[in-house]
Structure formats: C-alpha cells, structure tokens
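Reviewing the structure listed below.
This structure is a prediction, so every number in the text was calculated from the model and none was measured. Numbered from 1 within each chain, the chains take letters A, B, ... in sequence-line order. Only heavy atoms go into these numbers, but all of them, side chains included; no hydrogens, no water, no symmetry mates.
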Number of protein chains: 2
Amino acid sequence: MRDVILHDYFRSSAAYRVRIGLNLKGVAYESCKVDLAAGAQKDETYKALNPQGFVPMLEIDGHRLTQSLAILDYLDATRGDPPFVPDDPADRSHVLAMATIIACDIHPLNNLRILKYLKGKLELSEDTKDEWYRHWVREGFDALEKLAAPRAGTFLFGDAPTLADICLVPQLYNARRFSVPIHDYPHLRRAGETACAHPAFAAAHPDLQEQH
Amino acid sequence: MRDVILHDYFRSSAAYRVRIGLNLKGVAYESCKVDLAAGAQKDETYKALNPQGFVPMLEIDGHRLTQSLAILDYLDATRGDPPFVPDDPADRSHVLAMATIIACDIHPLNNLRILKYLKGKLELSEDTKDEWYRHWVREGFDALEKLAAPRAGTFLFGDAPTLADICLVPQLYNARRFSVPIHDYPHLRRAGETACAHPAFAAAHPDLQEQH
C-alpha cells in the first residue's frame, strides 16, 4: 500500500485536477474510488473522513486535505519541480485569476449536486439543465480566452503547464461532454491540445481511471 | 489621486473581501464604484479594463488584477504583515480549504448573475430563488463549521484573521440578508463577531461604502 491515497472519482473535475497535479509532481498514489453516481460520498464512513462529502480528498504526510485548490497548493509547497505557479507576484496572480475563473465561476455551477438540484428539486427539463450548463461554460470561457490571450503560449501562461492548465483540462473535458463548441477559444484549445500530449495530463484522463 | 484603485461595489462579496485585505495590509486606495445593480459592469469602458466585467478589479503597481483570491494572493506576496495564510504548508492548505468552501462552493451559486438567471431566464419565483440561496449557504456552512472546529480560536484558524475569515465575513453578511440562521454554526459566528470588532473588517462593511 502506498502512503499517498487519493479519494477519487473518475469524472469529478476537482479530482481530475489533483490527479494531474500528483502526476506533474511525480507523486505515486493509490486511488480510492468514491462512487459519486451511487452516492458513496454521503456514506457515514466517508463523511467521517471528509465532512463535506466531496471528492477529492488526499491523505498525504499524515494529513487529510480537502478542496482541490488547497490540495494543489500543498503539493506545490512540499514537492519539487515543476512549480504550479510562477514566482513573480503579478504573474502568479494572473495564473491564479485564470484558475479561479474556472474553479469559482464555471465549475461550481455545473457540478453534479447542482445539476441534480436543477432536475430534482426544481423539476427542470434535461434541455433547460443542459442550456444552464453551456451558458456558464461559455461565459467563463469568453472571459478566460480574453484574459489568457496576451500571455498564452503553448499553455495558458507561456510554454509550461501551470495551475490554470490544471483547472482548464478537466473543464474542457466536461465542455466536450456537454457539446460546448470550443472553436471560438483558440488559446484554450491550444493549451488543451498541448496538455493532451503531456504524460502527466494524459495519465489523469477519466477514461484511464477505474470507473466501475 | 491615490495609486491604488479598487473597482468596487458595496454589496459584492468578492469586492468586500478585497476591501478587507487592503485594510488589513494598511494599503490606502481609491474606490471606483461599478454599479452592478445598474449594469455598469457591462459597459464597454469597464469591459475594456476587465473583460469578464466583474468586480473587484484592482489597479496596483502598474497591474490590473482580477478575481478576488488572486488579488488577495498578490497583496499577501507584495505587502507586509499580517500574513493572510500561515507558513506551514498543511496549515496553509487548511486555511485555503476553508476559504475555497466559501469562494468555490457557496458564493458562486448565489451571486447576482445567478439569481438573475433563476428569476429571469428560468422564471422561478422569489421563494424558490431564496430557498436556492439558503440551501447552498447551509450546505457550505455545515461543511465549514466541521472543518473549522478543531483549529478555530477567536477567528477560523486560531486567534488571528486569515484568508478564511476574509471570505467568511462577506458571506455572513449575505447570509443575514437572506435570513439564513447561523446559531448552529458557533465557530463561524464567533469568527464573525471577532471580525466585527476588528477595524480592518469593520471599515470594509458595505454600509460604510458609497452606495448610490
């Protein structure tokens, strides 16, 4: 058994971010599946470990860490290269702004618990739910494309992956699932394509994780 | 005219966070009002400065910074004490996890553009919208209270304010506006009360900003 355990679900965007981060840092880990589709995140056993009942949760160095951005910050502070954010404070803030457009302005509106609320509690149609999904992705991607443009290279900030790409790639995967066209976002598309060819990103893809 | 300009709106939670951060660091700033209620964030003049058309946006040291968490990170990296996050990587991750429960799991679901979509596009009733609001606040506060409990002091992490409190205080203000009871959250309530008495938090309160 390995020392680092990721409580994981293949389709969770937030868990996907942490898988990319662990791979980038070269941290070997054991994946422990929490089946969100089956409601396993609500089991008392899991909630005893993580009261919020979300994935990801990372057991590492004797700590139990939650919230993907907070986990990635820990990995960046305690593991070696490559860094997830640039050193210069303004560059760092720029990368964090791109990451939080995804992590705060897109993803929270579109994750499973929200879509369930829209369809269950609010009894909205599948089409209305899908339009909700696409609306917030488009709004966020519009902003992100403009913010990224001046400094983007093969990735969102220059030619090396940062926290912004770690957040982007799972969001692009989800955009594709919900048929959001991305041809209007050349910088996002390019970063996504570069990431596809990067082993740390490729190995974190949902299709390569245990699903059932 | 001062060198630091905050594009601000009194009721924006994200702008409120940045006001607290600027005050904690003792950075004097000029507030430039963007009237969200009147749709001023959609003006082309403002969108030329900030393509996402959100507040806050901070002009500082020759940079234009967006996204509250990214702005606060910049202030913490470039200005002196007090630090917004602890030095120890695990403590830092804990504080960031608390901050992102608010900044990613509560606030994005309940800000103005979402409430407008619920009432406008989805034609939901005022009651249904308010129940949506309260639902996500309760879910997030439940998790935050449990996460905070082991390490909370007079603030959410020990006895000095951190990024977690900077995010909490605007969220408590909004919870009050939407009549979410907070008696079940003793640690959140205590941190909120301590912050009320702290000059940097008190001076950032919406009631003390230009409103019209």
Which answer fits B/Leu144, side chain, backbone, both or neither, if we ask what part of it has an atom under 4.5 Å from a heavy atom of chain A? neither
Which atoms of A/Glu145 approach chain B - backbone, side chain, both or neither, heavy atom under 4.5 Å: neither
Evaluation steps, side-chain contact (heavy atoms from CB on, under 4.5 Å), between B/Tyr185 and B/Arg138: CA-CA 10 Å; B/Tyr185 308 113; B/Arg138 280 194 304 262; 4.0 Å; yes
Determine the option with the most heavy-atom pairs under 4.5 angstrom with chain A, choosing from B/Ala143, B/Gly140, B/Cys104. B/Cys104
Going through the checks in order, is the side-chain contact (heavy atoms from CB on, under 4.5 Å) test met by A/His187 and A/Leu147? CA-CA 10 Å; A/His187 294 97; A/Leu147 187 61; over 6 Å; no
For the residue pair A/Gln41 / A/Gln52, report whether a side-chain donor-acceptor contact shorter than 3.5 Å exists. no
Looking at A/His94, A/Arg92, A/His63, A/Met98, which one has more heavy-atom pairs under 4.5 Å with chain B than the rest? A/Arg92
With a 4.5 angstrom heavy-atom cut-off, is it the side chain or the backbone of A/Ile114 that approaches chain B, or both, or neither? both
Against chain B, label A/Thr78 side chain, backbone, both or neither, depending on which of its atoms sit under 4.5 Å from a heavy atom there. side chain
More than 12 heavy atoms of other groups within 6.0 Å of B/Lys116 NZ: yes
Just checking, any donor-acceptor pair under 3.5 angstrom between side chains of B/Glu59 and B/His7? yes
Show your working on side-chain contact (heavy atoms from CB on, under 4.5 Å) between A/Thr194 and A/Phe201 and close with a plain yes or no. CA-CA 9 Å; A/Thr194 315; A/Phe201 285 83; over 6 Å; no
A/Ile102 portion near chain B, given a 4.5 angstrom heavy-atom threshold: neither
Which of A/Glu131, A/His135, A/Lys146, A/Lys121 touches chain B most, by non-hydrogen pairs under 4.5 Å: A/His135
Would you please say whether a donor-acceptor pair under 3.5 Å links the side chains of A/Ser93 and B/Asp73? no
Between B/Ile101, B/Thr128, B/Leu122, which shows the greatest number of heavy-atom pairs under 4.5 Å with chain A? B/Ile101
Proximity breakdown for A/Trp136 and chain B, heavy-atom pairs closer than 4.5 Å: side chain
Go through the atoms of A/His107 and report whether side chain, backbone, both or neither lie under 4.5 Å from a heavy atom of chain B. neither
Does any heavy atom of chain B fall under 4.5 Å from the side chain of A/Leu65, the backbone, both, or neither of them? side chain
Need one label for B/Asp142: side chain, backbone, both or neither, based on atoms under 4.5 Å from any heavy atom in chain A. neither
